[in-house]
Amino acid sequence: MSLLRGLGALLCLCALRLPGPPAGTAAAARGLDLAAYRERVRAMFYHAYEHYLESAFPYDELRPLTCDGQDTWGSFSLTLIDALDTLLILGNVSEFQRVVTVLQEGVDFDIDVNASVFETNIRVVGGLLSAHLLSKKAGIEVEVGWPCSGPLLRMAEEAARKLLPAFQTPTGMPYGTVNLLHGVNPGETPVTCTAGIGTFIVEFATLSHLTGDPVFEDVARKALKALWKNRSDIGLVGNHIDVVTAKWVAQDAGIGAGVDSYFEYLVKGAILLQDKELMSMFLEYNKAIKNYTKFDDWYLWVQMYKGTVSMPVFQSLEAYWPGLQSLIGDVDNAMRTFLNYYTVWKQFGGLPEFYNIPQGYTVDKREGYPLRPELIESAMYLYRATRDPTLLELGRDAVESIEKISKVDCGFATIKDLRDHRLDNRMESFFLAETVKYLYLLFDPDNFIHNDGSDFDVVITPYGECVLNAGGYIFNTEAHPIDPAALHCCRKRKEEQWEVEDLMREFYSLKKNKKFTLKQASEHGEGESTKDATDASSGGEKRNSKKSSHSLLSCPSQSFNSKLAVLGQVFLDNT
């Protein structure tokens with residue numbers, strides 16, 4: 001039964017694919033050579049990655065115009081953490097293994113640094129959790145008890161614990177910045193953006209499920225509920241809020257910068273945790289967003305209490321929205337919005353940070369493109385759902401533009417101005433974590449990330465059998481894939497572990513006195529776990545048993561009546 005319970009997490013694998021021509025047919029229709037573009041993306045990655053190692057490591061980021069490095073988000077060798085799971089997606093097992101060793105030996109979170117709570121979570125905690133769950137696939141000899149234990153999991157937990165003081169506010173909404181050594185500084189501003197409050201449930205719930213400590217999921221849920229409680233009467237949230245008083249400081253409502261990943265995490269948290277409440281929240285927001293911010297398949301910024309337009313602009317960060325729409329099965333609307341955004345890309349060879357929709361041009365001082373991934377991300381999701389060759393064309397255009405405009409001797413530089421192609425001396429870590437990854441996955445339909453459930457591993461843990469690597473990965477907002485099945489591997493809570501430990505102490509005490517037998521252990525309710533415990537204690541030889549069959553997979557009923565999809569695989573309630 002433990003195996004079936006694990007499989008219950010894989011509902012996304014019981015997928016009804018949307019109709020569309022196979023990948024090869026779509027590519028041939030427009031003359032695109034997927035393999036050729038895949039190799040060009042691979043070359044882009046290594047050009048950037050190798051120059052980071054040569055010129056910038058151990059700093060957070062590469063400065064590609066001066067061929068040196070800088071710390072930006074906390075001095076964690078951030079680009080290395082962010083690029084780790086991309087290495088495996090590209091198939092580089094040996095470098096993945098080497099980097100894991102480097103990170104274990106070199107990264108220290110006990111430092112006197114003021115760090116962004118949001119960025120540290122999505123990049124560091126998310127990157128370490130993803131690498132931890134992919135370690136066995138990368139050929140690393142995992143310790144007994146994995147995935148419920150392991151060095152990368154302990155690093156992720158340590159980093160997350162450094163962020164917990166930020167959540168100690170009257171509202172439960174976190175401060176934006178925390179000192180990793182001393183906690184929240186006494187003079188820290190209480191004003192935080194909405195995304196900085198609502199973008200924790202994916203990483204923190206995963207941590208809680210793997211470690212058995214509920215504190216992470218609890219604080220993430222409390223922050224989400226606080227935002228929900230403080231939405232306006234017309235169902236919108238603003239851009240910045242005071243986390244102490246819950247007063248909205250910036251009252252612009254939209255789907256872009258400062259808000260974006262809050263909506264993203266309601267959907268992804270609902271899928272990851274099979275949580276009806278989170279999905280209900282998003283669907284209510286979605287109604288208000290359509291009612292007040294949507295115009296001709298564009299999304300504007302409006303006043304959160306009145307719904308009147310405050311900024312008729314499109315921001316490049318909003319380009320994640322079509323991908324998010326595809327996750328709830330709203331593919332037609334997603335494609336129409338995507339095509340609007342694609343016209344902007346074709347106009348400039350990239351997405352400017354701000355684009356004035358009525359004027360059809362960039363906004364002053366917002367003309368740059370820091371190689372963001374959002375439009376490519378949406379293309380990847382939508383291509384999985386539709387096989388529309390237009391989405392491959394966006395990928396082609398992205399490769400051509402980035403190579404032509406942004407490539408320099410030491411990596412890829414931020415485009416400071418899309419009008420004249422001036423460059424800036426920065427390559428953000430998300431270029432390797434997200435932009436390159438989504439491009440590669442767009443051109444690699446057979447990547448393990450796209451697994452449809454026909455291939456999976458059965459792992460023996462101290463808590464029984466566990467199914468992993470069957471697909472349905474949930475990407476955090478930094479494109480770090482989380483295996484949803486892993487959340488079902490470590491079900492024992494701490495108090496249950498203590499009960500087991502007490503029983504084991506009793507067992508060995510009585511055995512010493514020759515008064516205890518296996519039959520008596522079974523009568524205490526522990527006998528059925530004996531075989532699993534024996535397998536685990538003997539090194540878990542059965543953890544590698546490989547399956548390649550659909551026969552064990554079933555389609556569990558959804559716990560809520562919403563269309564959902566993972567990587568374009570759509571499933572419906574009661575299917």
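Scope of the values below: all heavy atoms of this structure, side chains included, with no hydrogens, waters or symmetry mates.
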Show your working on side chain to side chain contact (heavy atoms under 4.5 Å, CB included) between His450 and Met380 and close with a plain yes or no. CA-CA 11 Å; His450 300 315; Met380 190 275 290; 4.0 Å; yes

Cation-pi check, Arg387 onto Tyr383 ring (under 6.0 Å, within 45° of axis): yes

Taking the six-membered ring of Tyr285 (Phe, Tyr or Trp), confirm whether the NZ or CZ of Lys287 is under 6.0 Å from its centre and within 45° of its axis. no

Answer yes or no: is there an ion pair linking [X] with [Y], defined by an N-O contact shorter than 4.0 Å?
X	Y	result
Glu400	Arg40	yes
Glu264	Lys268	yes
Asp33	Arg38	no
Asp330	Lys290	yes
Glu119	Arg123	yes
Arg426	Glu428	yes

Step by step, would you call Arg42 with Tyr440 a side-chain hydrogen bond (donor to acceptor under 3.5 Å, both in side chains)? CA-CA 7 Å; Arg42 185 192 300 273; Tyr440 192 82; 2.6 Å; yes

Any chance the side chains of [X] and [Y] put a donor and an acceptor closer than 3.5 Å?
X	Y	answer
Ser429	Thr79	no
Asn469	Asp457	yes
Trp301	Glu318	yes
Tyr369	Asp417	no
His51	Asp409	no
Asp252	Ser310	yes

Could you give me the CA-CA distance, side-chain angles and deciding distance for Asp424 and Lys416, then say whether salt bridge (Lys or Arg N to Asp or Glu O under 4.0 Å) is met? CA-CA 5 Å; Asp424 207 357; Lys416 188 173 185 178; 5.1 Å; no

Intermediate values then yes/no, side chain to side chain contact (heavy atoms under 4.5 Å, CB included), Phe475 and Ile482: CA-CA 6 Å; Phe475 285 103; Ile482 300 296; over 6 Å; no

Test applied, salt bridge (charged side-chain N to carboxylate O under 4.0 Å, His left out); reference residue, Arg372; option that passes from Glu353, Glu377, Glu434: Glu353

Over all heavy atoms of both residues, which pair between [X] and [Y] is shortest? Give the atoms and the distance, please.
X	Y	result
Ala319	Leu351	CB-CD1, 3.9 Å
Ala56	Gly69	CB-CA, 3.7 Å
Thr337	Asp297	OG1-O, 3.3 Å
Ala379	Leu394	CB-CD1, 3.9 Å
Leu278	Ile201	CD1-CG1, 4.4 Å

Do Leu487 and Leu273 make a side-chain contact, defined as non-hydrogen atoms from C-beta onward lying under 4.5 Å apart? yes

Do Leu392 and Phe443 have side chains that get closer than 4.5 Å, going by heavy atoms? yes

What verdict does the side-chain hydrogen bond (donor to acceptor under 3.5 Å, both in side chains) test give for Tyr342 and Asp397, after you've listed the backbone C-alpha separation in whole Å, the side-chain angles of each residue and the deciding distance to 0.1 Å? CA-CA 10 Å; Tyr342 188 17; Asp397 291 352; 2.5 Å; yes

Evaluation steps, side-chain hydrogen bond (donor to acceptor under 3.5 Å, both in side chains), between Glu61 and Thr72: CA-CA 7 Å; Glu61 291 179 358; Thr72 51; 3.2 Å; yes

Return the orientation label for the Phe282 and Trp321 ring planes: parallel under 30°, perpendicular over 60°, tilted otherwise. tilted

side-chain hydrogen bond (donor to acceptor under 3.5 Å, both in side chains) for Glu203 and Tyr265? Distances and angles first, verdict last. CA-CA 10 Å; Glu203 299 85 1; Tyr265 270 40; 2.5 Å; yes

Checking Phe348, Phe354, Tyr355, Phe314 against Tyr361 for ring pair (Phe, Tyr, Trp, His ring centres under 6.0 Å), the one that qualifies is Phe348

Please step through side chain to side chain contact (heavy atoms under 4.5 Å, CB included) for the pair Leu80 and Tyr49, ending with a clear verdict. CA-CA 8 Å; Leu80 207 55; Tyr49 179 75; 3.7 Å; yes

